[in-house]
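Here is the structure we will look at.
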There are 2 protein chains.
Amino acid sequence: MDKKDKILEVAREVFQKKGKSGARMQEIADKAGVNKALLHYYFTNKEGLFKEVFTEMIRKTLLPLKINLLSGEDLEVKIKKFVAGYIDIMKENPNMVSFILGELRMNKIPIDPPEDIKESLNVLRVQLRDDDRFKTIDPFQIMSMIIGSCIFPFIGRPMLTRLGLEDEQTYEQFLEDRKEILPDIILDGIRNR
Amino acid sequence: MDKKDKILEVAREVFQKKGKSGARMQEIADKAGVNKALLHYYFTNKEGLFKEVFTEMIRKTLLPLKINLLSGEDLEVKIKKFVAGYIDIMKENPNMVSFILGELRMNKIPIDPPEDIKESLNVLRVQLRDDDRFKTIDPFQIMSMIIGSCIFPFIGRPMLTRLGLEDEQTYEQFLEDRKEILPDIILDGIRNR
DNA sequence: GTCTATAATGGGATAGAC
DNA sequence: GTCTATCCCATTATAGAC
């Protein structure tokens, strides 16, 4: 593999684990099997390396939000697909969300206003209003519920572990179950009766 | 105010905003209006100061989980109270949860096994099983849903802001609404029909 | 207890050879 | 492009006066 890519790969991992200020250029260099100076050659400085990694991650986290939510698909199908898809994405990178949200809290990082996500919230609003199988509810509330519930098993894993979801096996099963249970509860929760 | 307490108060704030490795002893000293050396006098080193702040926060965040959830109160009442109470706690310290979860991810911090929270999960399990108004569902799934949904407006605030919940007023209203909407959806979601 | 002054070092950055 | 060697500043930590 290209050394530049190797550096990026390792940087992703180290930044995620230690945070921007906790990460060490030396550690990244070592784990990538290159010299520290090479990081500066490619990315100028720590800030540059961080930005590269970070924006890439934002893309990875927000993209699925867009593609799924922009569709005009039936609400039930949409939510089911979204939950399953989002959980799968995070399984690949369990620390990503915690990392992103943490850095957004610590540094004022400007990210481009996600116009299409705004749009998808509108689609959702209309769907909730017009589909009389469901109650008319603020889409922000629903979104926060869905996303919050999807990410908690990852950002709160240390907690869950201590509370009993200890072995990998059980945890994995928990996530798979969640893909079904979560949409079921939420959909039943907003259904008119 | 006692200088030691003042240091702790400021440290809490700075650690929360910048994270453990991003925080600067100098900044804490300045904002507390004392000399840097005094921090070492009281807390030996940065690690010591951090630990003091951190464990205090864990106590603050987990305590309400205990008192609310340990009660054998009716499920509906319990969940309503919990949501309202938890949101209120976090309003006082909006960055606390993000901070705690972030540090737990970055450093392997040993926190004492929360036996009583485990116990409360068991109470919940029994309640769900025996109360035939509700479906029998894994309490981990429900807990993760409730907590995830409660904390998302805080840890994900940068996102929500960009998506439209911009001014303080709207955000505040969103939180107040949430105290009602969240329990309603969740309870309806797990109700037998 | 609280400060001033200073030591010690970690860690980001760069010059320059190859 | 990649490395060695070195610089230098920011930051933690301590010695010692008051």
Side-chain angles (χ1 to χ4, degrees), chain A residues 1-58 95 99-100 102-110, chain B residues 1-57 95 98-100 102-110:
Chain A
M1 182 193 297
D2 185 315
K3 296 208 176 186
K4 185 176 177 185
D5 288 340
K6 182 66 186 170
I7 292 171
L8 277 171
E9 181 188 307
V10 172
R12 220 167 0 249
E13 178 205 312
V14 174
F15 274 128
Q16 240 176 109
K17 186 134 74 196
K18 310 265 177 93
K20 175 169 153 183
S21 53
R24 296 286 163 255
M25 296 295 267
Q26 188 62 58
E27 183 183 355
I28 295 172
D30 291 347
K31 287 192 173 150
V34 303
N35 191 277
K36 209 176 39 162
L38 202 60
L39 309 200
H40 288 86
Y41 173 75
Y42 280 122
F43 305 98
T44 319
N45 52 29
K46 193 180 181 181
E47 186 65 30
L49 179 56
F50 175 77
K51 269 210 192 97
E52 189 107 352
V53 167
F54 192 75
T55 54
E56 165 67 14
M57 277 187 178
I58 291 278
N95 286 325
F99 167 67
I100 290 177
E103 295 301 331
L104 285 179
R105 167 177 54 90
M106 294 192 265
N107 319 293
K108 301 280 163 248
I109 301 171
Chain B
M1 181 193 294
D2 185 314
K3 296 209 177 187
K4 185 175 178 186
D5 288 339
K6 181 67 186 168
I7 292 171
L8 277 171
E9 180 188 306
V10 171
R12 213 160 15 238
E13 177 205 315
V14 174
F15 274 128
Q16 240 177 108
K17 187 133 74 196
K18 309 264 177 94
K20 175 169 152 183
S21 52
R24 296 287 162 253
M25 297 294 268
Q26 188 63 58
E27 182 182 355
I28 295 172
D30 291 347
K31 287 192 173 150
V34 302
N35 191 277
K36 212 176 36 165
L38 201 61
L39 308 200
H40 287 86
Y41 172 73
Y42 280 123
F43 306 99
T44 318
N45 54 28
K46 191 178 180 180
E47 186 65 30
L49 179 54
F50 176 78
K51 267 209 193 98
E52 189 107 352
V53 167
F54 193 75
T55 53
E56 164 66 14
M57 276 188 179
N95 286 324
S98 165
F99 167 67
I100 290 177
E103 294 301 332
L104 285 179
R105 167 177 54 90
M106 294 191 266
N107 320 292
K108 302 280 164 249
I109 302 171

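A quick note: this is a predicted structure, and the numbers were derived from the prediction, not measured. Chain letters run A, B, ... following the sequence lines, proteins first and then strands; every chain starts at 1.
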Exercise for the section: For D:dT2, take OP1 and OP2 only and decide whether either is under 4.0 Å from a side-chain N or O of A:Y42. Expected result: yes
Fill in the blank from the handout: Atom CD of A:Q26 and atom C1' of C:dT9 are separated, to the nearest Å, by 14 Å
Exercise for the section: Could you check how far CG of B:D5 sits from C1' of C:dG1, rounded to whole Å? Expected result: 15 Å
Fill in the blank from the handout: The residue, A:K3 or B:N45, whose nearest nucleotide of DNA chain D is more 5′ is A:K3
Fill in the blank from the handout: Heavy atoms of B:F54 and B:I100 approach each other most closely as CE1-CA, 3.9 Å
Handout entry: A:Y41 vs D:dG1: side-chain N/O to OP1/OP2 distance below 4.0 Å
Key = yes
Handout entry: Where A:A29 and A:L39 come nearest, the two heavy atoms and their spacing
Key = N-CD1, 4.2 Å
Practice task
Would you indicate, yes or no, if C:dG12 has its OP1 or OP2 atom less than 4.0 angstrom from a side-chain nitrogen or oxygen of A:R24?
Solution key: yes
Handout entry: Atom-pair distance (NZ on A:K20; C1' on C:dG11), nearest Å
Key = 16 Å
Fill in the blank from the handout: Here the distance between atom P of D:dT2 and atom CG of A:D30, to the nearest Å, is 16 Å
Practice task
For B:Q16 and B:F99, indicate whether the former's side chain and the latter's backbone hold a donor-acceptor pair under 3.5 Å.
Solution key: no
Handout entry: Below 4.0 Å: OP1/OP2 of C:dT14 and any side-chain N or O of A:H40
Key = no
Practice task
Grab the CZ-P distance between B:F43 and D:dA13 for me, whole Å please.
Solution key: 14 Å
Handout entry: Sugar-phosphate only, base, or nothing, as touched by B:A29 at under 4.0 Å among non-hydrogen atoms
Key = nothing
Handout entry: Gap between atoms CG and P, on B:L38 and C:dT2 respectively (whole Å)
Key = 5 Å
Practice task
Calculate the interatomic distance between B:E47 atom CD and D:dT14 atom P; express it in whole Å.
Solution key: 14 Å
Handout entry: Residue B:N35, side-chain heavy atoms: nucleotide from C:dC3, D:dA13, D:dT2 that is nearest
Key = C:dC3
Handout entry: Pair B:E9 + B:R12: basic N to acidic O under 4.0 Å
Key = no
Handout entry: B:I109 CD1 to B:F50 CZ distance, which is reported to the nearest 0.5 Å
Key = 4.5 Å
Exercise for the section: Would you kindly give the CZ-to-C1' distance between A:F15 and C:dG12, to the nearest whole Å? Expected result: 12 Å
Problem - Nucleotide of C:dA13, C:dT2, D:dG1 approaching A:K46 most closely (side-chain heavy atoms) - result: C:dA13
Problem - B:K4 vs B:K36, nearer the 5' end of DNA chain C by closest nucleotide - result: B:K4
